[in-house]
Amino acid sequence: GRAPAPAPAPARAPAPPPLRSPVLLTVSGSIKRHNRGALDPVVDQMAHKHGLAFEQAFGFDAAALANLPTETIQPTLEYDGKPHTLAGPTLEMVLASVGIAPGQPGVQLTLYAVDGYRVEISLAEVREQRMILATRIDGQTMALGGFGPVWAVVDADRVAALKDKPLAERFQRCPWGLYHVDVRLA
């Protein structure tokens, strides 16, 4: 007798159209909108080495971030002791664009920077401190190798819990070179 023919592979949903420019920020986890598939341990080498794993995610390029409403802050930075103008969407707005309701209770985030630094923070803290994803400093696009291309940052001079701390301690939960946000529901 003949062996039965192998079952056909399950159909996959078509891939979303590619973004027009490189992805600067990927959001994964308990989100409702997706535009990319699973982490590929070969192609997504840095994320894989940082221990990330996901089946679906949403990638933002520079245009996608720029299309969100922009907030501007002017914190005094620890690096030179001077105020600088930082601009970009709020992290809460970025999360809202992938289906996380503003102020949604029980949302926990892990923010991943390119150098391996990671920060655990709740959406409630992000909202209370008005954390932005800065893409510009003093009118200039932030580059990889500096603070950018994305910096999760707060106006520490105006956040009650931070403003009286020494400058060197105000930005410990503000990773620059941010490239990934993992969302979990508690």
Side-chain angles (χ1 to χ4, degrees), residues 12-39 44 47 50-75 86-114 117-136 142 147-163 170-186:
R12 291 186 125 183
L19 295 170
R20 292 190 179 135
S21 61
V23 169
L24 301 182
L25 178 71
T26 301
V27 180
S28 67
S30 300
I31 60 175
K32 296 177 183 167
R33 289 187 61 223
H34 308 94
N35 66 356
R36 69 156 288 172
L39 179 133
D44 299 313
H50 288 165
L52 287 161
F54 53 83
E55 291 301 316
Q56 291 185 318
F58 196 97
F60 291 86
D61 63 6
L65 290 171
N67 284 334
L68 295 171
T70 298
E71 296 277 330
T72 300
I73 61 175
Q74 280 195 302
L86 298 163
T90 64
L91 177 50
E92 190 173 39
M93 179 61 66
V94 169
L95 294 174
S97 76
V98 294
I100 301 298
Q104 181 175 330
V107 176
Q108 296 295 319
L109 309 170
T110 305
L111 312 179
Y112 292 85
V114 296
Y117 190 70
R118 69 179 65 165
V119 172
E120 301 283 336
I121 191 167
S122 70
L123 181 58
E125 292 170 285
V126 163
R127 181 178 205 158
E128 178 185 311
Q129 296 183 5
R130 302 274 318 144
M131 181 174 274
I132 71 168
L133 297 186
T135 57
R136 300 182 68 74
M142 292 193 295
F147 293 119
V150 179
W151 184 9
V153 64
V154 299
D155 196 345
D157 297 348
R158 288 157 193 84
V159 174
L162 300 173
K163 68 181 183 176
R170 292 183 188 182
F171 299 97
Q172 292 175 337
R173 298 180 77 200
C174 297
W176 40 261
L178 179 73
Y179 79 98
H180 197 98
V181 177
D182 182 55
V183 180
R184 295 171 320 286
L185 302 179

Interatomic distance, Cys174 atom SG to Tyr117 atom OH [nearest 0.5 angstrom]: 8.5 Å
Results of salt bridge (Lys or Arg N to Asp or Glu O under 4.0 Å) for Arg118 - residues two or more places apart only: none
Arg127: partners by salt bridge (Lys or Arg N to Asp or Glu O under 4.0 Å), with sequence neighbours left out: Glu92
Close side-chain approach of Leu95 to Val27, heavy-atom, < 4.5 Å: yes
Interatomic spacing from OG1 in Thr135 to CD1 in Ile132 - rounded to 0.5 Å: 8.0 Å
With sequence neighbours excluded, residues passing side-chain hydrogen bond (donor to acceptor under 3.5 Å, both in side chains) with Thr72: none
Any side-chain heavy-atom pair of Trp151 and Leu178 under 4.5 Å: no
Beyond-backbone contact of Pro75 with Leu86, side-chain heavy atoms, under 4.5 angstrom: yes
Residues which pass side-chain hydrogen bond (donor to acceptor under 3.5 Å, both in side chains) with Arg158, listed by chain and number, not counting sequence neighbours: Asp155
Criterion side-chain contact (heavy atoms from CB on, under 4.5 Å) on Ser28 and Gln56, from CA distance to verdict: CA-CA 7 Å; Ser28 67; Gln56 291 185 318; over 6 Å; no
Contact check, side chains of Ser97 and Leu68, non-hydrogen atoms, under 4.5 Å: yes
All salt bridge (Lys or Arg N to Asp or Glu O under 4.0 Å) counterparts of Glu128, not counting sequence neighbours: none
Gln74: partners by side-chain contact (heavy atoms from CB on, under 4.5 Å), with sequence neighbours left out: Thr85
Partners meeting side-chain contact (heavy atoms from CB on, under 4.5 Å) with Glu125 (sequence neighbours left out): Ile121, Ser122, Arg173
Nearest heavy-atom neighbours spanning Trp176 and Phe147: CB-O, 3.1 Å
Shortest non-hydrogen separation from Val159 to Gln129 and the atoms involved: CG1-CG, 3.8 Å
4.5 Å side-chain heavy-atom contact, Met93 and Pro69: yes
Distance-minimising heavy-atom pair for Leu123 and Ala101: CD2-O, 3.9 Å
Smallest separation among heavy atoms of Ala57 and Thr26, with atom names: CB-CG2, 3.6 Å
Closest heavy-atom pair and its distance - Pro89, Val94: CG-CG2, 3.8 Å
side-chain contact (heavy atoms from CB on, under 4.5 Å) evaluation trace for Gln104 with Val183: CA-CA 12 Å; Gln104 181 175 330; Val183 180; over 6 Å; no
Heavy-atom donor-acceptor pair, Asp61 side chain to Val23 backbone, under 3.5 Å: no
Pairing residues for Asp157 by the side-chain hydrogen bond (donor to acceptor under 3.5 Å, both in side chains) criterion, not counting sequence neighbours: Thr76, Arg170
Counterpart residues, ring-ring contact (aromatic ring centres under 6.0 Å, His included), relative to Tyr179 (two or more places apart): His50
CD-CG distance between Gln172 and Leu162, expressed to the nearest 0.5 angstrom: 9.5 Å
side-chain hydrogen bond (donor to acceptor under 3.5 Å, both in side chains) partners for Glu71, two or more places apart: Arg130
Over all atoms of both residues, closest heavy-atom pair of Ala134 and Val153: CB-CG1, 3.9 Å
Pair Phe54 and His34, ring centroids less than 6.0 Å apart: no
Can you give each donor-acceptor pair under 3.5 Å made by side-chain atoms of residues 106-114, sequence neighbours left out, with the distance rounded to 0.1 Å?
| residue | atom | partner | partner atom | Å |
| --- | --- | --- | --- | --- |
| Thr110 | OG1 | Glu120 | OE1 | 3.0 |
| Thr110 | OG1 | Glu120 | OE2 | 3.0 |
| Thr110 | OG1 | Arg184 | NH1 | 2.8 |

Whether Phe58 and Phe60 hold their rings parallel, tilted or perpendicular, with breakpoints at 30° and 60°: tilted
